[in-house]
Participant: 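What follows is a single structure, and I will ask about it in a moment.
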Amino acid sequence: MPELPEVETVRRTLVPHLVGVTLAAVRVRERRLRVPVNVASLRQLAVGQTIAAVRRRGKYLIIDLRGGTLLLVHLGMSGRLTLESATQPLARHDHVVFSLSDGRELRYNDPRRFGLIVAMASRDEAQHPLLARLGVEPLSPEFSGALLFALTRHSRQPIKTFLLDAHRVVGVGNIYASEALAAARLHPARAAHSLSGRETERLAAAIRDVLERAIARGGTTLRDFVDGLGVAGDFANALAVYGRDGEPCVRCRRRIRSVVQAGRRSFFCPGCQRSR
DNA sequence: AACACGCCCTGCGCGC
DNA sequence: TGCGCGCAGGGCGTGT
């Protein structure tokens, strides 16, 4: 899926085109997403409204509409949110299509349908079940080694699995969890609570650094990902360990290995990332 | 409370 | 060439 850098890339590419534009109509061609699309609420809350801002919270895009409503969009594993010419034929898996006042269309495409689009009143944002329990933003000033140290104290989970839990830290998915741990030289199987203060400092800095570098290069495209204008990301070449099982580590030349943790594959260098 | 697990869904690449 | 299998960037409900 789009992780934080990919969602942020979509946000940045859409902002200049969407702010000030009105949602003139919506067509829902497939309502069976992770949360079933509520067509009536989309029509009542979103259609006719003008876009005031496009924000991001974790892996969620939040499209603020004038008139006190917003659209919450999650791209799941395979989702795309792209601006297209209305004359462009619809593609397979174009599930939700917004007609815009400038004649173009904003299209939500998602083959696996793990994503969602929800309209709500802006005042409900903080209490909404999908948002209320989300953890800290890793690119915010409040995120630090000290905070990560505090958050990890009572978790016996492997640190890799811990990082994937959006109720603790948002936005870090399977690619960037492995990349951050590699940069911090921490073994993915280390129990979260076993990390020292120095190690959580290193890890927090690595998370921030890898996310920022990925955003700077438009995100990671493994297969599906494109930004709001249909352009693929460029960070896949910069990945140090993810997907590089068997290849030599650029730092120590040992072969990168992978293991499965909590059902997700983790990549690491056995030379640079010792378990203790 | 914390954590492991299975499941949601489609598409693709691989081995046979 | 075709087919079945395993696996994929996420997140939640359920069980212990």
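To find a chain, count down the sequence lines: A is the first, B the second, and so on, and within it residues start at 1. Computed from a prediction, not measured in an experiment: that's the story for all the values here.
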Participant: Which of these nucleotides, C/dG11, B/dC9, B/dG11, is closest to any side-chain atom of A/K59?
Facilitator: C/dG11

Participant: Can you name the nearest heavy-atom pair linking A/F162 to A/S155, along with the distance?
Facilitator: CD1-OG, 3.6 Å

Participant: For nucleotides 1-4 of chain B, which of its nitrogen or oxygen atoms have a protein nitrogen or oxygen under 3.5 Å away, and what is each distance?
Facilitator:
from  : atom 1 : to     : atom 2 : distance (Å)
B/dC3 : OP1    : A/S155 : OG     : 3.3
B/dC3 : OP1    : A/R156 : N      : 2.5
B/dC3 : OP1    : A/Q157 : N      : 3.2
B/dC3 : OP2    : A/R168 : NH2    : 3.4

Participant: Is A/F114 stacked on the base of C/dG10, meaning ring centres closer than 5.5 Å and planes within 30 degrees of each other?
Facilitator: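 So A/F114 counts as stacking on the base.
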
Participant: Atom CD of A/E3 to atom C1' of C/dG11: distance rounded to whole Å?
Facilitator: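 So the CD-C1' distance, A/E3 to C/dG11, works out to 13 Å.
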
Participant: If you measure from the Lys or Arg side-chain nitrogens to the Asp or Glu carboxylate oxygens, is any gap between A/R27 and A/E105 under 4.0 Å?
Facilitator: yes

Participant: Starting at atom OH of A/Y242, determine the distance to atom C1' of C/dG10, rounded to an integer number of angstrom.
Facilitator: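 After rounding, the reported distance stands at 12 Å.
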
Participant: Mind checking salt bridge (charged side-chain N to carboxylate O under 4.0 Å, His left out) for A/R255 and listing every partner two or more places apart, or none if nothing turns up?
Facilitator: none

Participant: Once you round it to whole Å, what is the distance between C1' of B/dC5 and CG of A/D165?
Facilitator: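 Result: 15 Å.
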
Participant: Taking the side chain of A/R265 as heavy atoms from C-beta outward, which of C/dA8, C/dG11, B/dG11 is closest to it?
Facilitator: C/dA8

Participant: Show me, pair by pair, the donor-acceptor contacts under 3.5 angstrom made by side chains of residues 134-145 of chain A, not counting sequence neighbours?
Facilitator:
from   : atom 1 : to     : atom 2 : distance (Å)
A/E137 : OE1    : A/R56  : NH1    : 3.0
A/E137 : OE1    : A/R56  : NH2    : 3.4
A/E137 : OE2    : A/R57  : NH1    : 3.0
A/E137 : OE2    : A/G58  : N      : 2.7
A/S140 : OG     : A/E137 : O      : 2.7
A/S144 : OG     : A/A146 : N      : 3.3
A/S144 : OG     : A/L147 : N      : 3.0

Participant: Check whether any side-chain heavy atom of A/E3 lies under 4.5 Å from a side-chain heavy atom of A/L211, and answer yes or no.
Facilitator: no

Participant: Any side-chain donor paired with an acceptor under 3.5 Å for A/S266 and A/S178?
Facilitator: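 No, no side-chain donor-acceptor contact under 3.5 Å.
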
Participant: If I pick the P atom on C/dC5 and the same atom on B/dC7, what distance separates them, to the nearest angstrom?
Facilitator: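 One P to the other, the span is 16 Å.
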
Participant: Would you indicate which nucleotide in B/dC8, B/dG11, C/dG11 comes nearest to any side-chain atom of A/H93?
Facilitator: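 Shortest atom-to-atom distance from the side chain points to B/dG11.
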
Participant: Out of B/dT10, C/dC12, C/dG10, which has the shortest distance to the side chain of A/Y60?
Facilitator: C/dC12

Participant: For residues 34-55 of chain A, which residue pairs qualify under salt bridge (charged side-chain N to carboxylate O under 4.0 Å, His left out), counting only residues two or more places apart or in two chains?
Facilitator: A/R55-A/D64, A/R55-A/E125

Participant: Counting side-chain heavy atoms from CB outward, which of C/dC12, B/dT10, C/dG10 is closest to A/M77?
Facilitator: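 The answer is C/dG10.
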
Participant: Find the runs of at least 3 consecutive base pairs, i with j, i+1 with j-1 and so on, that include DNA chain C, using Watson-Crick or G-U wobble geometry with both distances under 3.5 Å.
Facilitator: B:2-8 with C:10-16, B:10-16 with C:2-8

Participant: Less than 4.0 Å between a side-chain N and a carboxylate O, is that true for A/E201 and A/R198?
Facilitator: no

Participant: Who passes side chain to side chain contact (heavy atoms under 4.5 Å, CB included) against A/A189, sequence neighbours left out?
Facilitator: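 Only A/H187, A/Q261 meet the side chain to side chain contact (heavy atoms under 4.5 Å, CB included) criterion with A/A189.
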
Participant: What is the distance from CG of A/D110 to C1' of B/dG11, rounded to the nearest Å?
Facilitator: 12 Å

Participant: Could you tell me whether the side chain of A/R112 has a donor or acceptor atom within less than 3.5 Å of a complementary atom in the base of B/dC9?
Facilitator: yes

